[in-house]
Amino acid sequence: MTAHDKMIAGEKYWINDPDLVEMRYKTRDLVDKINALGPREVKAREELLNELFGQCGEDIHIEKPVRIDYGHNIHLGSHIFINFNWTVLDCCKVTIGNNVFIGPNTSFYTAHHPIDPEQRAQHIGFAEPITIGNDVWIGGDVTILPGVVIGDRCVIGAGSVVTRSIEPDTVAVGNPCRPQRRIHD
Ligand SMILES: CC(=O)SCCNC(=O)CCNC(=O)[C@H](O)C(C)(C)COP(=O)(O)OP(=O)(O)OC[C@H]1O[C@@H](n2cnc3c(N)ncnc32)[C@H](O)[C@@H]1OP(=O)(O)O
């Protein structure tokens, strides 16, 4: 099993593996090109986003800058608006549904390191996927932690740190992010 296979499978892997380092260099080259485009270079941005992501639906609007670790682990539906400064550590799969709004300065972290300092000093990582359903609105300055699933039609309040999965049709806020009410209450 390669370090990449282990990473995708959620197993422990060496983060400095040369193949992974090279993949991250390639992604950074691509992301730098995307971040260098002017706001009217829509076609060029669409082509580069298609190259970057594992799956990229229609009508994807992403403000720059973006910060992406691998890219090919990110699967986007259609009709998605992502505001400034989206940071994604996609060591595992990140899935985003259709009709999703993501506020500025929002971070998706699939990556963990061991709590034990001796293991962590060996530059070990492991990851869990993040899944965002359809028709979700994520406010600004939200952090989503490894393994979180946000159900369809949820609203996540600005500044939330989402440590646990959120059931569909929920407004959830805070650090740690907790359900506040049902969407139609
Ligand atoms: C795609 C883009 O670019 S989005 C642009 C960025 N915009 C944003 O990030 C705005 C995000 N919006 C929010 O955070 C909103 O507060 C929402 C949608 C979560 C909730 O809105 P509402 O249902 O109208 O909630 P309302 O304002 O009535 O507040 C209800 C309670 O929740 C609290 N609350 C609301 N939002 C938050 C929050 N983000 N964090 C913590 N508490 C919150 C309020 O203080 C209030 O508590 P209280 O009753 O004790 O006073």
Side-chain angles (χ1 to χ4, degrees), residues 27 30-90 92-111 128-185:
T27 305
L30 203 45
V31 167
D32 282 351
K33 282 187 198 165
I34 292 167
N35 287 333
L37 290 172
R40 294 178 187 80
E41 292 180 274
V42 177
K43 188 74 193 154
R45 182 161 42 251
E46 194 180 305
E47 284 170 13
L48 289 171
L49 291 177
N50 272 299
E51 196 179 329
L52 175 65
F53 294 129
Q55 182 191 317
C56 191
E58 293 174 0
D59 181 28
I60 307 293
H61 182 95
I62 303 187
E63 291 289 347
K64 61 182 190 177
V66 286
R67 311 287 176 203
I68 309 279
D69 225 3
Y70 293 93
H72 61 262
N73 292 328
I74 300 176
H75 294 249
L76 300 179
S78 293
H79 313 298
I80 294 173
F81 179 92
I82 300 174
N83 220 318
F84 308 110
N85 208 28
W86 187 42
T87 300
V88 190
L89 304 185
D90 57 323
C92 243
K93 193 169 179 183
V94 172
T95 308
I96 299 182
N98 300 314
N99 305 310
V100 171
F101 284 71
I102 296 177
N105 304 313
T106 291
S107 300
F108 289 29
Y109 303 149
T110 69
E128 289 182 80
I130 288 174
T131 305
I132 312 296
N134 298 312
D135 304 294
V136 168
W137 174 27
I138 296 171
D141 295 287
V142 169
T143 301
I144 299 180
L145 296 189
V148 162
V149 177
I150 296 183
D152 292 344
R153 298 171 297 281
C154 282
V155 175
I156 308 296
S160 297
V161 177
V162 190
T163 60
R164 300 278 181 259
S165 295
I166 306 291
E167 293 291 315
D169 298 292
T170 306
V171 179
V173 300
N175 178 7
C177 187
R178 293 289 181 255
Q180 182 201 51
R181 63 180 174 87
R182 306 286 293 169
I183 289 289
H184 293 298
D185 284 354

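All values derive from a computational prediction rather than experimental measurement. Read the numbers this way: they start at 1 and go in the same order the structure lists the ligands and their atoms.
For ligand 1, the atoms closer than 4.0 angstrom to any heavy atom of Val155 are 18 (C). Atom numbering of ligand 1 starts at 1 in the shown order; those under 4.0 Å from a heavy atom of Gly139 are 9 (O). Close approach to Gly103 involves these atoms of ligand 1, each under 4.0 Å from a residue heavy atom: 1 (C), 2 (C), 3 (O), 4 (S). In summary, the atoms of ligand 1 found under 4.0 Å from a heavy atom of Arg181, numbered by their order in the structure, are 23 (O).
Atom CD1 of Ile144 is separated from atom OG of Ser160 by 9.0 Å, given to the nearest 0.5 angstrom. Once rounded to the nearest 0.5 Å, the distance linking CG of Leu30 with CZ of Phe53 reads 9.0 Å. The CD atom of Glu46 sits 7.5 Å away from the SG atom of Cys56 when rounded to the nearest 0.5 Å. If you take CG on Asp141 and OG1 on Thr143, they are separated by 8.0 Å, rounding to the nearest 0.5 Å. Here the CG atom belonging to Asp90 is positioned 8.0 Å from the CG atom belonging to Leu52, to the nearest 0.5 angstrom. The distance from atom CD1 of Ile130 to atom CG of Leu89, rounded to the nearest 0.5 Å, is 8.5 Å.
For atom 32 (O) of ligand 1, the nearest protein heavy atom lies closer than 4.0 Å. Shown here, atom 37 (C) of ligand 1 is in close reach of the protein: a heavy atom of it lies under 4.0 Å off. Within a 4.0 Å radius of atom 48 (P) of ligand 1, the protein has no heavy atom. In this structure, atom 9 (O) of ligand 1 is in close contact with the protein, since a protein heavy atom lies within 4.0 Å of it. By the definition of a contact as any protein heavy atom under 4.0 Å away, atom 1 (C) of ligand 1 is in contact. Protein heavy atoms are absent from the space less than 4.0 angstrom from atom 26 (P) of ligand 1. Protein heavy atoms are found inside the 4.0 Å sphere centred on atom 42 (N) of ligand 1. For atom 15 (C) of ligand 1, no protein non-hydrogen atom is found at a distance below 4.0 Å.
Nearest protein heavy-atom contact of atom 20 (C) of ligand 1 is Val171 CG1, 4.5 Å. The protein non-hydrogen atom at the shortest distance from atom 19 (C) of ligand 1 is Gly157 CA, 3.4 Å. Distance from atom 5 (C) of ligand 1 to its nearest protein heavy atom, with residue and atom name: Pro104 CD, 4.0 Å. In this structure, the protein non-hydrogen atom closest to atom 13 (C) of ligand 1 is Ala158 N, 3.9 Å. For atom 7 (N) of ligand 1, the nearest non-hydrogen atom of the protein is Trp137 CZ2, 4.1 Å.
Using modelled atom types, one side-chain atom of Arg45 and one backbone atom of Pro39 make a donor-acceptor pair closer than 3.5 Å. Using modelled atom types, no side-chain atom of Thr163 and backbone atom of Cys177 make a donor-acceptor pair closer than 3.5 Å.
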Start with the C-alpha gap between Asn105 and Asn85, add the side-chain angles, then the distance that decides, and say whether side chain to side chain donor-acceptor pair (under 3.5 Å) holds. CA-CA 5 Å; Asn105 304 313; Asn85 208 28; 3.1 Å; yes
Test side chain to side chain contact (heavy atoms under 4.5 Å, CB included) on Ile34 and Ile62 and set out the steps. CA-CA 10 Å; Ile34 292 167; Ile62 303 187; over 6 Å; no
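Heavy-atom distances between Gly159 and ligand 1 stay at or above 4.0 Å for every pair.
At a cut-off of 3.5 Å, with distance as the only test, a side-chain donor of His79 or Asp59 sits close to an acceptor on the other residue.
The shortest N/O to N/O separation between Asn83 and ligand 1 falls below 3.5 Å. Below 3.5 Å of separation, one finds no N or O of Val173 facing any N or O of ligand 1. For ligand 1, the polar-atom distance check finds an N/O of Gly140 within less than 3.5 Å of one of the ligand's N/O atoms. Ligand 1 has a nitrogen or oxygen under 3.5 angstrom from a nitrogen or oxygen of Gln180.
No more than 12 heavy atoms of other residues, nucleotides or ligands shown are found within 6.0 angstrom of CZ on Phe101.
In summary, Asp169 and Arg153 engage in a salt bridge, as defined by a charged side-chain N under 4.0 Å from a carboxylate O.
Residue contacts with ligand 1, taken as heavy atom pairs separated by less than 4.0 Å, do not involve Asp141 at all.
For the pair Asn134/Asp152, a side-chain contact is recorded, criterion being any heavy-atom separation below 4.5 Å from C-beta on.
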